[in-house]
Amino acid sequence: MLTLVIVLLVVWAVLAVLGFAIKGLLWLAIIGLILFLGTLIISFVRRSARKSKS
């Protein structure tokens with residue numbers, strides 16, 4: 001599960017960088033940043049919920 005989160009974070013970061021590098025693809029950067037932050041927040045919430053159960 002952790003490897004999936006890391007892969008998703010890398011993919012979203014690459015999309016964000018490409019979107020900022022190519023000015024016509026600014027929408028791609030915005031989507032990449034939103035997905036990056038969403039994945040990061042969800043992974044932290046799940047990890048903290050899992051630790052509080054044990």
| message | Do Phe36 and Phe44 sit in one hydrophobic cluster, given that two such residues count as connected whenever their side-chain heavy atoms are within less than 4.5 Å of each other, even indirectly? | response |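 Yes: a chain of side-chain contacts under 4.5 Å links Phe36 to Phe44.
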| said: When you group the ILVMFWY residues by side-chain heavy-atom contacts below 4.5 Å and let the links chain together, are Leu4 and Leu40 in the same group? | reply: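 The answer is yes; both residues are in one hydrophobic cluster.
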Say you draw a straight line from [atom1] of [X] to [atom2] of [Y]; how long is it, rounded to the nearest 0.5 Å?
| X | Y | atom1 | atom2 | result |
| --- | --- | --- | --- | --- |
| Leu37 | Ile41 | CG | CD1 | 6.0 Å |
| Ile42 | Leu8 | CD1 | CG | 10.0 Å |
| Ile30 | Leu15 | CD1 | CG | 13.0 Å |

| field | Closest non-hydrogen atom pair, Val5 against Ser43 | value |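 Closest pair (atom of Val5, atom of Ser43, distance): CG1-CB, 3.7 Å.
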| said: Which heavy atom of Trp12 sits nearest to which heavy atom of Thr39, and what is that distance? | reply: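 Looking at all heavy atoms of both residues, the shortest contact is NE1-OG1, 2.8 Å.
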